[in-house]
Asks: 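Structure below; questions to follow.
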2 protein chains.
Amino acid sequence: MSETTEISKPRDIILDVAMHLFGKQGYTGTSMRDIANGVGMLPGSLYAHIQSKEVLLSELVERGIARFLTAIEPILDQEISASEKLRAAIKAHITVVAENPERSLVVFHQWRFLGKKNMDLAVKARRRYESAFTTIMEQGIAAGLFNPKLHVKIAVRTLLGALNWTPEWYSAEGPLSADKVGDIMAETLMQGFLARA
Amino acid sequence: MSETTEISKPRDIILDVAMHLFGKQGYTGTSMRDIANGVGMLPGSLYAHIQSKEVLLSELVERGIARFLTAIEPILDQEISASEKLRAAIKAHITVVAENPERSLVVFHQWRFLGKKNMDLAVKARRRYESAFTTIMEQGIAAGLFNPKLHVKIAVRTLLGALNWTPEWYSAEGPLSADKVGDIMAETLMQGFLARA
DNA sequence: CCTACCGATCGGTAGG
DNA sequence: CCTACCGATCGGTAGG
């Protein structure tokens, strides 16, 4: 509306529509005609802005993972305890999911449909994300804050499973803010279900 | 091979092939030609045994959820503590996932592609599954075994998220048996990450 | 369970 | 970004 308002480029609109549809219907369940329809142009016209359906997916997955990585990695360098880092990382993750649950569904599930080269890139980025949590977990154990009997690999996968499942149920219309949900999940995972003496 | 060996009916073979393909490529990413190919018949011949692609999916989802329900619900009636119930339920869940991770992926993700009627059935069954864990959680809190400050709804979703994510990483070829993985996950979730004094 | 086929839809392109 | 179209593939069927 104002003079400084950026007019969204067609390519960004296409990416945005594709993100929502890939999240809702899956990559293979979405046709270029669906996307064109959502954007408001004819199917063939899409190719004036993008090269192929797979490049669309690849760019969405790549950008999506990057969003998670940039939210979490700075936390590793902060001068706070491992428990504070873990709590902050969990909250950051939920915040990124809440920003756009559909994007998260694309990142978590649709990478399977990438071609080999792009899939390798995505897998590598996801490993890097997982390793951030592994690092925090190991720091916590080394500092005597975390249970030394933890099976780190399984603990990290348990944690990431809980986090990666959140786009399945989190709703911005729910009673709890993303920040609050993150807080509660962090507390639940760190304290455990059992009562403490 | 023996006289008592049941010869698999074509319909069961089709269901089995469909389960693997729907798990690996998704429902919309799998064609009836893919399935026919895996079974070893021509595409049109499938329809001598099944009514439609969606009926195939619906039957797989229905049976799959039932597998989880029958594994968990008897535990609710056992005369054991809530912590023992929760541990048993977690192990039962991992065992069912490990039996067939692809079936679990179908159950957890492909139900979205069911038509309204079948989807409603699936959602109802999944709610029933979730409520089994809610019941255990509430029993544990009432018995003073579980942390009374738990946010039950989020705790259950955190737990189920961790469990539902296991088909993404569990491998029968890994070093740990399903039972052992279940044990470790149960311990991790019940004790929490933090060291206990 | 095969042969032979249906209309619809797919990802993508040439030319303007 | 539209017009007009390509060959390939889709779920499914009739008749045997």
Side-chain angles (χ1 to χ4, degrees), chain A residues 6-62 106 109-119 122, chain B residues 6-62 106 109-119 122:
Chain A
E6 293 275 351
I7 293 162
S8 291
K9 289 170 197 158
R11 191 159 202 283
D12 293 331
I13 300 176
I14 293 171
L15 278 163
D16 195 62
V17 170
M19 185 176 74
H20 280 86
L21 291 173
F22 290 171
K24 219 174 46 171
Q25 313 171 358
Y27 176 71
T28 55
T30 302
S31 70
M32 295 306 278
R33 281 156 182 84
D34 291 337
I35 296 169
N37 210 18
V39 174
M41 44 172 82
L42 294 176
S45 306
L46 293 172
Y47 293 88
H49 307 283
I50 58 141
Q51 300 161 42
S52 70
K53 193 186 177 189
E54 206 216 304
V55 166
L56 220 46
L57 177 61
S58 152
E59 193 156 327
L60 290 172
V61 170
E62 221 58 55
V106 174
H109 298 296
Q110 304 304 315
W111 59 270
R112 293 170 194 277
F113 301 105
L114 291 169
K116 183 175 169 15
K117 240 176 65 182
N118 286 322
M119 196 193 296
Chain B
E6 293 275 349
I7 295 161
S8 290
K9 289 171 197 156
R11 190 159 203 284
D12 293 331
I13 301 177
I14 293 170
L15 278 163
D16 195 62
V17 170
M19 184 176 72
H20 281 86
L21 291 174
F22 289 171
K24 220 174 44 171
Q25 312 172 357
Y27 176 72
T28 54
T30 302
S31 70
M32 295 307 277
R33 282 156 180 84
D34 291 336
I35 295 170
N37 210 18
V39 174
M41 44 171 83
L42 294 176
S45 305
L46 293 171
Y47 293 88
H49 307 283
I50 58 140
Q51 301 161 40
S52 69
K53 191 185 178 190
E54 205 215 306
V55 166
L56 220 47
L57 176 63
S58 152
E59 195 156 325
L60 290 172
V61 170
E62 221 57 56
V106 175
H109 299 296
Q110 304 304 315
W111 60 268
R112 290 170 197 275
F113 301 106
L114 290 169
K116 180 174 170 15
K117 240 177 65 184
N118 286 322
M119 196 193 294

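Below, all heavy atoms of this structure are taken into account, side chains as well, without hydrogens, waters or symmetry copies. Order of the sequence lines fixes the chain letters, A, B, ..., with proteins taken first and strands second; residue numbering starts at 1 for each chain.
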Asks: Please state how far atom CG in A:Asp34 lies from atom C1' in C:dG11, giving the value in whole angstrom units.
Replies: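 Nearest whole value for this atom pair: 12 Å.
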Asks: For the residue pair B:Ala18 and B:Ile35, what are the closest heavy atoms and their distance?
Replies: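 Closest approach of B:Ala18 to B:Ile35: CB-CD1, 4.0 Å.
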Asks: Nearest whole Å is fine: how far is C:dT13 P from A:Lys53 NZ?
Replies: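 Going from NZ in A:Lys53 over to P in C:dT13 covers 14 Å.
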Asks: Please report, rounded to the nearest Å, how far the C1' atom of D:dT9 is from the CG atom of B:Asn37.
Replies: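 Rounded to whole Å, this separation is 14 Å.
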Asks: Send over the distance from B:Met32 CE to D:dG12 P, rounded to a whole Å.
Replies: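 Interatomic distance, CE of B:Met32 to P of D:dG12: 6 Å.
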Asks: Find the distance B:Phe113:CZ to D:dG11:C1' and express it as a whole number of Å.
Replies: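 The distance from CZ of B:Phe113 to C1' of D:dG11 comes to 16 Å, rounded to the nearest Å.
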Asks: Please figure out whether A:Arg33 or A:His49 has its closest DNA chain D nucleotide nearer the 5' end.
Replies: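 Its nearest nucleotide lies further toward 5', so the answer is A:His49.
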Asks: Using modelled atom types and a 3.5 Å cut-off, is there a donor and acceptor pairing between side-chain atoms of B:Lys53 and backbone atoms of B:Tyr27?
Replies: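 Confirmed, B:Lys53 side chain pairs with B:Tyr27 backbone.
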Asks: Watson-Crick or G-U wobble partner for D:dG16, using a 3.5 Å limit on both distances?
Replies: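 Its partner is C:dC1 (Watson-Crick or G-U wobble, both distances under 3.5 Å).
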Asks: Could you tell me whether B:Thr28 contacts a base, only the sugar-phosphate backbone, or nothing, with contacts defined as non-hydrogen atoms closer than 4.0 Å?
Replies: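 Answer is nothing: B:Thr28 stays at 4.0 Å or more from every strand.
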Asks: Is B:Lys117 salt-bridged to B:Glu54, cutoff N-O under 4.0 Å?
Replies: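 Judged by the 4.0 Å cut-off on N to carboxylate O distance, B:Lys117 and B:Glu54 do not form a salt bridge.
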Asks: OP1 or OP2 of D:dT9 versus the side-chain N and O atoms of B:Ser31: is any pair under 4.0 Å?
Replies: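 Looking at the OP1 and OP2 atoms of D:dT9, neither is under 4.0 Å from any side-chain N or O of B:Ser31.
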Asks: Dump the intermediate steps for side-chain contact (heavy atoms from CB on, under 4.5 Å) on A:Leu57 and A:Val106, then the final yes or no.
Replies: CA-CA 8 Å; A:Leu57 177 61; A:Val106 174; 4.0 Å; yes
Asks: Please state how far atom CG in B:Leu42 lies from atom P in C:dC2, giving the value in whole angstrom units.
Replies: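 So the two atoms are 4 Å apart, to the nearest Å.
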Asks: Find the distance A:Tyr47:OH to D:dT3:C1' and express it as a whole number of Å.
Replies: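 It is 17 Å, rounded to the nearest whole Å.
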Asks: What is the base-pairing partner of C:dG7, counting Watson-Crick and G-U wobble geometry with both distances under 3.5 Å?
Replies: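 In the structure as shown, C:dG7 has D:dC10 as its Watson-Crick or wobble partner.
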Asks: Check every strand shown and say whether A:Pro10 touches a base, only sugar-phosphate, or nothing at a heavy-atom separation below 4.0 Å.
Replies: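 Counting heavy atoms under 4.0 Å across all strands, the contact made by A:Pro10 is with sugar-phosphate only.
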Asks: Mind calculating the distance between CG (A:Leu46) and C1' (C:dG12) to the nearest angstrom?
Replies: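 Result: 10 Å.
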Asks: Taking all non-hydrogen atoms of both residues, which atom of A:Pro10 and which atom of A:His49 are closest, and how far apart?
Replies: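 Residues A:Pro10 and A:His49, closest heavy atoms: CB-CE1, 3.5 Å.
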